[in-house]
**Student:** 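Let me give you the structure first, and then I'll get to my questions.
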Amino acid sequence: MSEIDVQLPDGSTRTLPDGATARDLAAAVGARLAKDALAAEVNGELTDLSRTLRHGDVVAIVTPSSDAGRDVLRHSTAHVLAQAVTRLWPGAHFAIGPAIENGFYYDFELPGGQHFTDDDLARIDAEMRAIIAEDQPFTRSEHSVDEGLEIFQNQPFKVEIIRAVAEGANDDVDLGEVSGSVVSTYANSASFVDLCRGPHVPATSRLGHFKLTRVAGAYWRGDEKRPQLQRVYGTAWESATALEAHLTQLREAEKRDHRKLATELDLLSFPSELGGGLAVWHPRGGIVRKEMEDFSRARHVEGGYQFVVTPHLTNARLYETSGHLDFYRDGMYPPMELDNGTYYMKPMNCPMHCLIFRSRSRSYRELPLRLFELGTVYRYERAGTLHGLLRIRGFTQDDSHIYCTEEQLQEEIASLLEFVMNVLRAFGFNDFTANLSTKDPKKYVGSDEIWEKSTAALRLALERFGLRYQEKKGDAAFYGPKIDIDVRDAIGRTWQLSTIQCDFNHPERFDLEYVGADNQRHRPIMLHRALFGSIERFFGVLLEHYAGNLPTWLSPEQVRVLGVRDDHDAYAEHVAQLLRAPGVRVGVELANEPLGARVRRAKLEKIPYVLVVGDDDVANETVGVNARGSNDPERGVGVSAFRDRLVKEIADHGAPEAN
RNA sequence: GCCUGGGUAGCUCAGUCGGUAGAGCAACGCAUUCGUAAUGCGUAGGUCAGGAGUUCGAAUCUCCUCCCAGGCUCCA
C-alpha cells in the first residue's frame, strides 16, 4: 500500500496511507483533535472532513473555536433551520442561508404567502433540536448543472442560482452556493437536500449551541423590486459558554441603548406629536449639547475657521444648480409652492457655503478658506429607517467646507485629519480605523489627474498619521474620494463618525474661482468635513459609549450636595455656592427624605459626585465625597481641595475614578 | 417604502371570555431629621395612540391613519 505525505500548519509533515481523508489525518494527530474536528482547510480551501487528501497537500484541521470553525457551525445550523422549516411548512421554498457575524439566517417563501410570527420561533427551534438529536450526517454529492436543475425543480430560488452561476455570474451570494459548473448538494436526510458549496460539519449532533433570535422580511437578492422573503435569524456558537457570553453582550448593549438612557436621564424625547424622527432636547440634554457645541466652536476658532450662518429654507433653484434635486428629491421634505417659486427645507449646507465663497471675488491670499457652521438640516428619511438619534429627520451637522488650491491640498488634508482625531480623543475615543474610498470608474466627475492627486493626498495623510485603514475601491461618491473614520466604543462596537471628502463637483457647478498670484482665474478644490457627523448622532454614540456615565465636563449635573439632616441644608447650599463660583454645575437636595434614598436617586441619575455634609463637615469646612462608580465614600475632604480637584478634572475632560 | 411585533398614568408594566381601568416607581401633601443605593401614611394622575365600524356593551373584535421596535431596502 502506498503512502502520502501532507504538511501541517506548524510546518511538520505526516505520512498517511493513500486514500486517507482529512478526518483520518485528525485521528492520526490525536484523539482530542479527531473529536473536535469540524472541517478542514486543504491548500487554503475550506472543505469537509471527508475530503480525500493527496500527496503534498497543506492541511489544517478546523475546530469549533476558530473563526472558520464557527462559520461552518453557523452555516450547518442554517441548513438545519431550513430542514426544520420545510418539515413544519411542507412546500416551503428556501432561498439562501449563509453564516453571518455571530450567527446565520435563512430566507424562505412559505406556501400560500404565509408569514412567520415570533411564536413560530419556538416551534422551529424545537424541530431543529429534534433534527440535531437525530444525528443526521451531512452527505455531499456533486452533479452537473442539468442534474442540479432536476433535483431542485420545485425550488425556484435554487434554480435561479444554478442558472445564474451556469451563465457566469460570480457574485458572492451565488458563489456561496455553487462553484462553476459543479453543482454540489448536501443531504442530511433522504427528505432534505440543499444546494451548497459547503463545507459542513460531519453530522447534526455537532450543533446545538444556537438560539433563534428574530423573524424579518428580506428582499430576494436584496432588491426591493423583487419578492420579499421571510427571514429567520439566529446566533450559534461552539459552546454553551460562548453562546451565553454573546447573549450577555447583547443584554449589555441593550442596557446602553441611547434611547433608553435619554429617557431615564431626562435628556430628550421624541414626542409623537412632532412626527417621526424629530427630537426635543430637555434642559439636561441641552446642557450636554451646549458643552459639545461650545467645545467644538472653541476648537474651530483655534483651527482658523470662519463661522457662517445659512437659512433652513431655500428656493429650489439652489439645488437645481448643485444638482442635488435630481438625485435626492425623494430624501427631501416635499416642496412648498409659493408665488415666487418652489422652496425646500435644506437637506445640506454645502451649496449655501459655495454661495458665500462666490459672493465676491476671491484671492489666493484668502485660501485655504475654512467655513464652519452648526447647520441644521432636514431629510425625509424613509419611515422604516429611523433609529433614535442615530437616524433622524432633523439634525445639526458640524459642517465645514474648505476651499483651497491644489498646492495646499496635501497640507490641508493632513492638518484636517489631525484636527478631527484630536477632537475625537477629547471625547474619550481612542481606537480608530479609517476607510479610504476611491473612484468609481463608471461614475465620476473631474479629471483623472485630480482624482489621483487627491486620493494620494488622502492616503499620505492616513499613512503619515499611522492610522489603520482599508481601501474601498470604487466606493467614493461621484464627486470625489473620501476618508471615513470609524471609532470603536467601550464594548467593542464600531461607529462611523467623521468624514473628510474631496469635492470636484460643487466648484464646477457653482463656477467657483479665485485669482491666483499669476493674475489668472483658477478653480479651487473644495473639501467637506464633518467631525461629529451630526450632533444628535454623536450624542447618541457618546451615551452608548459611556453607558450614560458621561465624563464630568459633559454631565448635566456635576455635583449634588446632600445635607444629612435639614439643619445641614444651609451648609449644603454654602458648599454649592463655593463650587458654582468657578462654574461647576451643582444641585442641592434638601433633607426631607432619608439620606440613603437621596444618595440612591443621585446615583441612578449618574451624577459624578454626591457630596454628603453633616455635623463634622459644618465644623471643619469639609465634605464627604461619594464618587460615581465608587462604593467607598471619602470623608472629611476640605471643600477647597475638592473644588480644585474637580475644576482640574473638568478642564482635563476626566471622569471620577471608579474603585 | 416593505415584512413581523407593538402603543394602557411621567416611567416600567398587568388587565382572563367583550361587561366600563390596575400595580410599582416618579409627582404632590403631611408626618419623619436620618452619615452614604428605596421612611411611613395619604392625595392626585387615564380621550386605553387617533379615527371609523361591529355590538345592548369595546382597552379587548374589524378596518384606516399616526407613532415605536427589530429586520430588508435606502442613507447627499
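The model shown is predicted, which means the values in this text are computed figures rather than measured ones. Below, chain A is the first sequence line, B the second, and so on; all start at residue 1.
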**Student:** What residues, two or more places apart in sequence or in another chain, satisfy side chain to side chain contact (heavy atoms under 4.5 Å, CB included) together with A/Ile450?
**Tutor:**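 Result, side chain to side chain contact (heavy atoms under 4.5 Å, CB included) vs A/Ile450: A/Glu406, A/Ser447, A/Phe504, A/Ile525.
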
**Student:** Going by atom types alone, do A/His506 and A/Ser322 pair a side-chain donor with an acceptor below 3.5 Å?
**Tutor:**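 A/Ser322 and A/His506 do not have a side-chain donor-acceptor pair below 3.5 Å.
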
**Student:** Are the ring centres of A/Tyr106 and A/Phe108 closer than 6.0 Å?
**Tutor:**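 Centroid distance A/Tyr106-A/Phe108: below 6.0 Å, so yes.
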
**Student:** Roughly how many Å apart are B/U62 and B/U54, using the P atom of each and rounding to a whole number?
**Tutor:**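 Roughly 15 Å separates the two P atoms.
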
**Student:** Taking A/Glu557 first and then A/Arg628, would you say they form a salt bridge - that is, a charged N and a carboxylate O separated by under 4.0 Å?
**Tutor:**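 Salt bridge absent between A/Glu557 and A/Arg628.
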
**Student:** Can you check the A/Ile392 CD1 to B/C67 C1' distance for me, whole Å?
**Tutor:**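 Checked: the CD1 to C1' distance equals 15 Å.
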
**Student:** Show your working on side chain to side chain contact (heavy atoms under 4.5 Å, CB included) between A/Val584 and A/Val559 and close with a plain yes or no.
**Tutor:** CA-CA 8 Å; A/Val584 177; A/Val559 175; 4.0 Å; yes

**Student:** Looking at residues at least two apart in the chain, or sitting in another chain, which of them share a side chain to side chain donor-acceptor pair (under 3.5 Å) with A/Ser498?
**Tutor:**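 For A/Ser498 there are no side chain to side chain donor-acceptor pair (under 3.5 Å) partners, ignoring immediate neighbours.
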
**Student:** Go through the structure and list residues passing side chain to side chain contact (heavy atoms under 4.5 Å, CB included) with A/Tyr380, not counting sequence neighbours.
**Tutor:**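 A/Tyr380: side chain to side chain contact (heavy atoms under 4.5 Å, CB included) contacts with A/Tyr333, A/Arg393.
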
**Student:** Along nucleotides 23-32 of chain B, 5' to 3', which nucleotides get a B, which get an S, and which get a -, given that the test is a protein heavy-atom distance under 4.0 Å?
**Tutor:** --------BB

**Student:** Check side chain to side chain donor-acceptor pair (under 3.5 Å) between A/Arg370 and all other residues, then give those that pass, not counting sequence neighbours.
**Tutor:**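 So A/Arg370 forms a side chain to side chain donor-acceptor pair (under 3.5 Å) with A/Glu412.
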
**Student:** Note every stem involving RNA chain B: at least three consecutive Watson-Crick or G-U wobble pairs, i with j then i+1 with j-1, with both distances under 3.5 Å.
**Tutor:**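 Output for stems: B:1-7 with B:66-72, B:10-13 with B:22-25, B:27-31 with B:39-43, B:49-53 with B:61-65.
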
**Student:** Is the shortest distance from a Lys or Arg side-chain nitrogen in A/Lys472 or A/Asp484 to a carboxylate oxygen in the other one below 4.0 Å?
**Tutor:**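 No, A/Lys472 and A/Asp484 are not salt-bridged.
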
**Student:** Would you say that A/Leu265 contacts A/Lys606 through its side chain, given a criterion of any heavy-atom pair below 4.5 Å between the two side chains?
**Tutor:**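 Yes. Closest side-chain heavy atoms under 4.5 Å.
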
**Student:** Using a cutoff of under 3.5 Å, can you pull out all pairs of nitrogen or oxygen atoms linking the protein to nucleotides 61-63 of chain B, with atom names and distances?
**Tutor:**
none

**Student:** Going by side chain to side chain contact (heavy atoms under 4.5 Å, CB included), name the residues that satisfy it together with A/Val618, two or more places apart in sequence or in a different chain.
**Tutor:**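 Residues passing side chain to side chain contact (heavy atoms under 4.5 Å, CB included) with A/Val618: A/His568, A/Tyr571.
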
**Student:** For nucleotides 5-12 of chain B, read 5' to 3', which letter fits each nucleotide if B means a protein heavy atom sits under 4.0 Å from the base, S means only the sugar-phosphate is that close, and - means neither?
**Tutor:** S-------

**Student:** Could you check whether A/Asp120 pairs with A/Arg123 (Lys NZ or Arg NE/NH1/NH2 to Asp/Glu carboxylate O, under 4.0 Å)?
**Tutor:**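 The answer is yes: the pair qualifies as a salt bridge.
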
**Student:** Just to be sure I understand the geometry, which residues of residues 227-234 of chain A put a non-hydrogen atom under 4.0 Å away from RNA chain B?
**Tutor:**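 Those residues whose heavy atoms fall under 4.0 Å from RNA chain B, taken from residues 227-234 of chain A in numerical order, are A/Gln228, A/Gln230, A/Arg231, A/Tyr233.
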
**Student:** Salt bridge check: are A/Lys211 and A/Asp125 linked by an N-O gap of less than 4.0 Å?
**Tutor:**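 Salt bridge: no.
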
**Student:** Just to verify, what does A/Tyr479 make a side chain to side chain donor-acceptor pair (under 3.5 Å) with, not counting sequence neighbours?
**Tutor:**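 A/Tyr479: side chain to side chain donor-acceptor pair (under 3.5 Å) contacts with A/Gln501.
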
**Student:** In whole angstrom, give the distance that lies between atom NE2 of A/His506 and atom P of B/A76.
**Tutor:**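 Between P of B/A76 and NE2 of A/His506: 13 Å.
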
**Student:** Can you sort out the partners of A/Arg601 under side chain to side chain contact (heavy atoms under 4.5 Å, CB included), two or more places apart, ordered by chain and number?
**Tutor:**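 Checked A/Arg601 against side chain to side chain contact (heavy atoms under 4.5 Å, CB included); matches are A/Arg560, A/Glu589, A/Glu593, A/Arg598, A/Glu605.
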
